[in-house]
Amino acid sequence: MKRILITSAIPYINGIKHLGNLVGSQLPADLFARYNRARGNEVLFLCATDEHGTPAELAAAQTGKPIADYCTEMHEVQAKIADGFRLSFDHFGRSSSKQNKELTQHFAGRLLDQGFIKEVDEKQIYSHADNRFLPDRYIEGTCPNCSYEKARGDQCENCTKQLDPTDLISPRSAISGSENLEVRTTRHLYLMQSYLREKLNAWIEEKRDWPILTTSIAKKWLNDGDGLQDRGITRDLDWGVPVCKGGQAWPGMEGKVFYVWFDAPIEYIACAREWVDAGKGSDWERWWRTDKGADDVSYYQFMGKDNVPFHTLSFPATILGSGEPWKLVDYIKSFNYLNYDGGQFSTSQGRGIFMDQALEILPSDYWRWWLLSHAPESSDSEFTWENFQTDVNKDLADVLGNFVSRVTKFCRSKFGEVVPSGGEYGQREQNLIDNLQLRLDAYQNHMEAVDVRKSAAELRAIWVLGNEYLQSAEPWAIFKDDPNAAAATVRMSLNLIALYGQLSEPFIPDASEILQSAMGQDGPSWPESVKDTLGQLKAGDVFTVPDNLFTKITDEQRLTWNKKFSGLRD
RNA sequence: GGGCCCGUAGCUCAGCUGGUUAGAGCAGUCCGCUCAUAACGGAUUGGUCAGAGGUUCAAGUCCUCUCGGGCCUACCA
């Protein structure tokens with residue numbers, strides 16, 4: 001039995017995520033977690049909300065609520081939606097937890113002791129009207145290069161020139177519009193990532209089996225320009241983890257907090273501690289400390305490509321720099337973006353389909369199946385309603401759902417709701433078993449390699465084998481002359497349904513549960529041998545005919561939804 | 001500006017370290033079946049592998065350039 005630690009990139013707190021976010025991290029992570037649990041591996045699957053930073057503060061301010069209350073509410077909202085998508089986190093934590101606060105401060109203290117922290121005086125823009133320091137991109141003004149009037153302080157979106165806020169002509173706060181800005185000197189902590197460049201480079205170089213997307217982004221950051229840059233890990237904000245060294249005060253850092261990207265990955269560790277404190281587990285260090293049992297853990301991370309630099313470099317730098325035996329990630333699965341109908345999904349613009357909306361119109365299995373079978377692994381991929389309709393109808397309703405329907409209904413009408421006896425298996429069944437075993441092996445290999453789309457294609461091919469078998473055996477025709485032969489075919493087919501219930505669980509857990517309970521199976525178990533598994537339902541066992549597993553999406557629905565989601569979310 | 005990724009049948013995509021007549025699913029066409037959610041099965045039509053050079057006995061696969069799409073570029077997260 002293997003031990004698998006899985007984390008999904010933690011979704012930001014300021015609103016409900018869209019399907020692009022879902023397919024890039026939480027959903028494939030869930031697929032992998034479910035698969036590994038089904039294989040009997042010991043799995044710890046963690047996720048959390050990422051709650052700190054300027055956007056969260058501003059989002060809270062807009063609602064007029066205290067930031068802590070806002071985050072608590074939004075965490076609940078996200079947790080509920082995650083549940084709706086059947087995301088099987090062992091714990092869904094919060095980066096604002098006290099466990100994370102402690103651990104983040106601990107890491108900062110260790111990094112200071114190990115010589116990886118420097119204090120740097122830098123100039124920041126302070127807005128009197130907003131009563132706060134503003135990140136560069138929250139300053140707007142006229143671009144000195146192209147005269148675009150809404151250039152941001154970090155970059156002009158019009159001419160793409162990189163800017164410094166002080167370059168802007170007539171700069172103003174993007175929040176209040178106030179021009180009452182002031183350049184102030186403020187002291188911040190820097191993580192000296194450059195000291196760890198060689199170590200990180202050697203570590204990345206040995207990861208030959210990681211997705212190109214992951215390693216190429218990491219290498220770019222390692223080698224670009226002067227190489228890996230040091231990074232400021234503190235901010236002048238109210239909401240966040242207060243800057244301390246371990247439990248001690250940090251002179252000169254009063255009133256400052258750690259940068260979200262410093263504390264967010266640490267939440268992966270803290271989340272395990274939350275998991276224990278919530279009474280769901282008993283030993284979190286066994287998963288995270290290689291000196292306390294985690295040396296045999298395989299750790300997989302899932303994320304969109306925008307998250308890669310922080311997971312390949314910053315967080316590993318934090319861990320390596322601590323000088324303590326924390327578990328480093330073994331495999332980083334990264335994804336490109338899912339586009340929506342010719343453009344990008346956008347949280348800020350409200351474009352596309354959001355997780356709550358998706359669940360309002362269709363059960364989660366529809367979304368899980370389509371998104372996973374079209375996961376943007378090799379390049380950006382695109383959601384269109386037309387593709388969604390044809391793919392889901394074909395794969396789920398026709399290939400799988402209708403197979404279940406034709407088998408169970410035929411059996412009911414000829415033999416009743418009981419696995420029929422009589423007849424013998426022959427060459428046709430042997431061929432089926434051989435083919436299934438080949439497919440199952442491929443399915444497992446793709447899953448082990450975290451090859452999401454290929455796994456989906458293989459599972460679908462396994463469903464197709466059922467229809468091929470049934471068509472070639474023709475129990476409806478054979479029944480008249482040789483009911484025993486038809487009974488054998490039906491017995492085999494009912495066993496196929498039970499098998500499908502088991503194999504499909506990582507992708508479509510709800511439908512799988514229906515299949516398994518209809519076939520009288522009591523829980524997920526993985527077929528080690530196709531041959532043995534296809535004998536699990538025996539003559540005389542009772543079953544029930546389930547309602548149609550998947551209702552087809554009609555043209556009318558598609559048109560309605562296409563229209564409904566063509567605009568921007570309010 | 002720099003860098004990375006991608007461009008393979010109408011659509012969505014496989015094609016690992018270069019090696020027989022370039023594959024799958026969907027859509028299309030034809031045939032079969034009638035148990036089933038008019039579902040299923042079989043067969044079949046589509047490709048000068050973005051373009052141009054080059055390396056090689058041999059290139060979708062390697063190199064160079066061009067065109068097109070996307071992403072990243074470190075203070076959003």
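Being a predicted model, the structure only gives us computed values, none of them experimental.
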Give [X] one of three labels, base, sugar-phosphate or nothing, depending on what nucleic acid heavy atoms sit under 4.0 Å from its own.
X         : result
Gln124(A) : base
Val545(A) : nothing
Gln229(A) : base
Ser381(A) : sugar-phosphate
Thr551(A) : nothing
Phe479(A) : nothing
Lys454(A) : sugar-phosphate
Gly227(A) : base
Glu122(A) : base
Leu134(A) : nothing

### Message
Rounding to an integer number of angstrom, what distance separates rG10(B) and rU73(B) when you compare their C1' atoms?
### Response
37 Å
### Spacing of the C1' atoms in rU55(B) and rC71(B) (rounded, Å)
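These two C1' atoms come out 31 Å apart once rounded.
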Nearest whole angstrom, please: distance from the [atom2] of [N] to the [atom1] of [X].
X         : N       : atom1 : atom2 : value
Met303(A) : rA77(B) : CE    : P     : 17 Å
Ile497(A) : rU37(B) : CD1   : P     : 13 Å
Phe388(A) : rC13(B) : CZ    : P     : 16 Å
Arg231(A) : rA77(B) : CZ    : P     : 10 Å
Trp370(A) : rC11(B) : CH2   : C1'   : 12 Å

### Query
Hey, can you pull the residues of residues 400-410 of chain A with a non-hydrogen atom under 4.0 angstrom from RNA chain B?
Gly401(A), Asn402(A), Ser405(A), Arg406(A), Lys409(A), Phe410(A)
### Message
Do Leu470(A) and Leu496(A) have side chains that approach each other closer than 4.5 Å (heavy atoms only, starting at C-beta)?
### Response
no
To the closest 0.5 Å, what do you measure between [atom1] ([X]) and [atom2] ([Y])?
X         : Y         : atom1 : atom2 : value
Leu189(A) : Asp230(A) : CG    : CG    : 12.5 Å
Met355(A) : His18(A)  : CE    : NE2   : 11.0 Å
Arg94(A)  : Gln78(A)  : CZ    : CD    : 11.0 Å

Looking only at side-chain atoms of [X], point me to the closest of [options].
X         : options                   : result
Arg453(A) : rG42(B), rC72(B), rC13(B) : rC13(B)
Arg235(A) : rC75(B), rG41(B), rA14(B) : rC75(B)
Lys305(A) : rG70(B), rU37(B), rG41(B) : rG70(B)
Trp221(A) : rA77(B), rC4(B), rC72(B)  : rC72(B)

### Query
With Ser96(A), which of Glu51(A), Glu267(A), His75(A) fulfils side-chain hydrogen bond (donor to acceptor under 3.5 Å, both in side chains)?
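Of all the options given, the one that passes is Glu51(A).
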### Message
Let me spell it out: for each of Tyr12(A) and Asn548(A), pick the nucleotide of RNA chain B with the closest heavy atom. Which residue's pick is nearer the 5' end?
### Response
Asn548(A)
### Task
With syn defined as a glycosidic angle within 90° of 0 and anti as everything else, classify rG46(B).
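It is syn.
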### Task
Hunt down any stem RNA chain B takes part in, defined as 3 or more consecutive Watson-Crick or G-U pairs whose two distances are each under 3.5 Å.
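In RNA chain B, stems of three or more pairs: B:1-7 with B:67-73, B:10-13 with B:23-26, B:28-32 with B:40-44, B:50-54 with B:62-66.
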### Task
Go through Arg152(A) and Asp154(A) one step at a time and tell me if the salt bridge (charged side-chain N to carboxylate O under 4.0 Å, His left out) criterion holds.
CA-CA 5 Å; Arg152(A) 289 191 322 218; Asp154(A) 57 341; 3.2 Å; yes
### Query
Tell me, for nucleotides 22-33 of chain B in 5' to 3' order, what letter each nucleotide earns: B for a base near a protein heavy atom under 4.0 Å, S for only sugar-phosphate near one, - for neither?
---SS-----BS
### Query
Given the side-chain rings of Phe415(A) and Phe479(A), with only the six-membered ring counted for Trp, is the space between their centroids under 6.0 Å?
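Yes.
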